[in-house]
Amino acid sequence: MKRGIATVAVIASLAALSACSSDTGSGAGSVSDPASVSGTVTWWDTSDATTEAPTFKALVADFQAQHPKIKVNYVNVPFSDAQQKFKTAAQGGNGAPDVLRSDVGWTPGFAESGYLLPLDGTPAVDKPDDILAGPAGGTKYNGKTYGAPQVTDTLGLLYNKELFAKAGITEPPATWAEVKTAAQALRSKAGADGIYLNPDSYFLLPFLYGEGATLADAATKKITVSSAEAVRAVDIAKDLVASGAAAKPAFTDGYANMQAAFKDGKVAMIINGPWAAGDTYSGKAFTSKDTLGVAAVPAGSTGKAGAPVGGHNLVIYAGTEAPAAAQLFVQFMTSGETQATVAEKNGTLPARTSAYTAAVTANPVIAQFQKVMDTARPRLAIPQASDLFTPLSQSYVKILQGQDTQAGLNAAADEFTKVLPGYTR
């Protein structure tokens, strides 16, 4: 754990031939005798310290019971601090953890910077065919695998079944055009707004995907956020608000206002993820959990629906002094059995097919989002992907407030050129 990034090239070239002094096994090969592996692994867990971390702490204890020669130092690091904290430690070559719970959006950037150990062919990526396609796509950069999915998520259409029944709607809308039609019935028969759109660019992605639009093309190094397809996508969202099918959004605290309106029964539909279920159940409109319905995000004019894959990977620091121990730890913490345990206790979505057991899918939100994952797609796998959301959000808000869509997206594209060196419009 004390080595700096300057040693990464040495590790990569010698890992298959030798092992670290405190660790039997290499960072690039398989661990032939797990029982002989020893070492100390520091894990930075970025899960919620109150609601999720206790489950992970118990699993760490289970791992150490199975591997008594491996000691795990568990450290809970606030998610909001972890990305920069890991960058600083890895760049300085001092204090980086052996294993990090990394947001899928961070993984490509860490990999490009040389902070992560490639995991192809190691125990860390065990039974790759068992990993769902969407989460698997979020572990790769430049053809190599740098993470093992621990949990996943995506966006879906969350809806109020009681309001739908009052409005005579028997099925959730499958297209944005159907959302607009449903909104009319909901307003006239159920006294509720149709949908609330969070004016944050992450929640714009389903509109873009539904029109075949992207933010940028990594293969051609071209910025595509101002394309005709993107304009068409944003115009659909803009029209929902302008027509009254969507409630007029708050442009500050958009997420909180969206959730409040949905929980109170003032709006019948929102776009959100499985993480929102617990908060939604606390609302007065959801005293019965059966009131909450989940469906895939509506499709665009192309007939296709799609939402971004979120979640977290476990990644291994390139300078670790305990690569084999770290690989075994990642293997254990991302196995199907472990993910099933986490899903049952924390209500999160597994990234492995085998983890969707009968006990796990007894949770209706998980069962419904399992189907939604079929339309989920990996986010743009470039190091700067996360940096694109802020300028796009700024433009999206202005567009929803009345700015010309093409002009707004052109402004976003101009900002993208500052973030993506070497890309053209």
task = Check P199 against P249 and note the closest heavy-atom contact, atom names and distance.
result = CD-CB, 4.1 Å

query = Going by atom types only, do E229 and S227 share a side-chain donor-acceptor pair under 3.5 Å?
reply = yes

inquiry  = Aromatic contact between Y159 and F164, with the criterion being ring centroids under 6.0 Å apart: yes or no?
reply    = yes

request  = Would you check if the side chain of T152 reaches a backbone N or O of A351 as a donor-acceptor pair within less than 3.5 Å?
outcome  = no

task = For the pair D98 (side chain) and T320 (backbone), establish whether a donor and an acceptor sit closer than 3.5 Å, ignoring hydrogens and angles.
result = no

request  = Begin from the C-alpha positions of L132 and T353 and carry the test side-chain contact (heavy atoms from CB on, under 4.5 Å) through to its verdict.
outcome  = CA-CA 6 Å; L132 299 177; T353 301; 3.5 Å; yes

message = With a 3.5 Å distance limit and no angle check, can you tell me whether T145 reaches the backbone of L119 through a side-chain donor-acceptor pair?
response = no

task = Could you go through the side-chain contact (heavy atoms from CB on, under 4.5 Å) check for L292 and Y281 one step at a time?
result = CA-CA 8 Å; L292 178 62; Y281 290 148; 3.9 Å; yes

request  = State, yes or no, whether a side-chain contact exists between V151 and R101 at a heavy-atom distance under 4.5 Å.
outcome  = yes

query = Name the one of W106, W275, F86 that satisfies ring-ring contact (aromatic ring centres under 6.0 Å, His included) with F79?
reply = W106

query = CG of D253: more than 12 outside heavy atoms within 6.0 angstrom?
reply = no

Main-chain N/O of A245 paired to Q184 side chain as donor or acceptor, under 3.5 Å = no

message = Just verifying a value: how many Å separate I316 CD1 and W43 CH2, rounded to the nearest 0.5 Å?
response = 13.0 Å

query = What is the ring orientation for Y146 with Y141, classed by angle as parallel under 30°, tilted 30 to 60°, or perpendicular over 60°?
reply = tilted

ask   = Looking at W44 and G95, what are the two nearest heavy atoms and their distance?
value = CZ2-O, 3.5 Å

task = For a side chain to side chain contact (heavy atoms under 4.5 Å, CB included) with F416, tell me which candidate from L409, D387, L215, T224 qualifies.
result = L215

query = What distance separates T417 OG1 from I223 CD1, expressed to the nearest 0.5 Å?
reply = 5.5 Å

query = Can you find a pair of side-chain heavy atoms, one from L349 and one from Q370, that are under 4.5 Å apart?
reply = no

Donor-acceptor side-chain pairing of S102 and N313 below 3.5 angstrom = no

key: Value rounded to 0.5 Å, distance of NZ in K238 from OG in S243   = 12.5 Å

query = For E211 and S301, does a side-chain donor sit closer than 3.5 Å to a side-chain acceptor?
reply = yes

message = Side chains of L420 and L388, heavy atoms from C-beta outward: is any pair under 4.5 Å?
response = yes

ask   = Are the side chains of M373 and P135 in touch, meaning some heavy atoms are under 4.5 Å apart?
value = yes

query = Is any side-chain heavy atom of W176 less than 4.5 Å from a side-chain heavy atom of D239?
reply = no

task = Please confirm whether the backbone N or O of K266 pairs with a side-chain atom of D264, one donor and one acceptor, at under 3.5 Å?
result = no

query = Can you find a pair of side-chain heavy atoms, one from T139 and one from P149, that are under 4.5 Å apart?
reply = yes

request  = Give a yes or no on whether the backbone of A124 and the side-chain of T122 come within a donor-acceptor separation of less than 3.5 Å.
outcome  = yes

ask   = For the atom pair CG (L204) and OH (Y396), what is the distance rounded to the nearest 0.5 Å?
value = 5.0 Å

task = Determine yes or no for a side-chain-to-main-chain donor-acceptor pair under 3.5 angstrom, with S282 supplying the side chain and D279 the backbone.
result = yes

request  = Answer yes or no: is there an ion pair linking R425 with D414, defined by an N-O contact shorter than 4.0 Å?
outcome  = yes

inquiry  = Quick one, T107 with V315, criterion side-chain contact (heavy atoms from CB on, under 4.5 Å). Give me CA distance, side-chain angles, the key distance, then yes/no.
reply    = CA-CA 8 Å; T107 304; V315 298; 4.3 Å; yes

inquiry  = What verdict does the side-chain hydrogen bond (donor to acceptor under 3.5 Å, both in side chains) test give for K263 and T280, after you've listed the backbone C-alpha separation in whole Å, the side-chain angles of each residue and the deciding distance to 0.1 Å?
reply    = CA-CA 5 Å; K263 289 160 57 177; T280 299; over 6 Å; no

inquiry  = In the structure I gave you, are the side-chain heavy atoms of V342 and P350 within less than 4.5 Å of one another anywhere?
reply    = no

ask   = Just wondering, are more than 12 heavy atoms of other shown residues or ligands nearer than 6.0 Å to CD in Q401?
value = yes

key: Atom of K57, atom of Y74 and distance for their closest heavy-atom approach   = CE-CE2, 3.4 Å

query = Would you call K418-E415 a salt bridge at under 4.0 Å N-O?
reply = yes

ask   = What are the two closest non-hydrogen atoms of F329 and V41, and how far apart are they?
value = CD2-CG1, 4.3 Å

query = If you count the non-hydrogen atoms of other residues, nucleotides and ligands that lie under 6.0 Å from NZ in K345, is the total more than 12?
reply = no

message = Side chains of F207 and V297, heavy atoms from C-beta outward: is any pair under 4.5 Å?
response = no

message = Looking at K161, I want to see if its NZ is surrounded by more than 12 non-hydrogen atoms of other residues, nucleotides or ligands under 6.0 Å.
response = yes

message = Show the nearest heavy-atom pair for residues L100 and F110, with the distance to one decimal.
response = CD2-CE1, 3.7 Å

Which atom of A295 lies closest to which atom of P172, heavy atoms considered = CB-CG, 3.7 Å

task = Please check if any side-chain donor atom of K222 sits under 3.5 Å from a side-chain acceptor atom of T424, or the reverse.
result = no

query = For residues Q84 and T88, is any side-chain donor paired with an opposing acceptor at under 3.5 Å?
reply = yes

task = Quick one: do T348 and E52 satisfy side-chain contact (heavy atoms from CB on, under 4.5 Å)? Show the steps, please.
result = CA-CA 9 Å; T348 50; E52 295 180 317; 3.5 Å; yes

ask   = When rounded to the nearest 0.5 angstrom, what is the spacing between CZ in R379 and OG1 in T154?
value = 9.5 Å

request  = Step through it carefully: locate the ring centre of Y196, locate the ring centre of F262, and say whether they are under 6.0 Å apart.
outcome  = no

task = Before accepting this row, confirm whether a basic side-chain N of the pair D126/R352 lies closer than 4.0 Å to the acidic partner's carboxylate O.
result = no

E112 side, atom CD; N142 side, atom CG - distance, nearest 0.5 Å = 7.5 Å

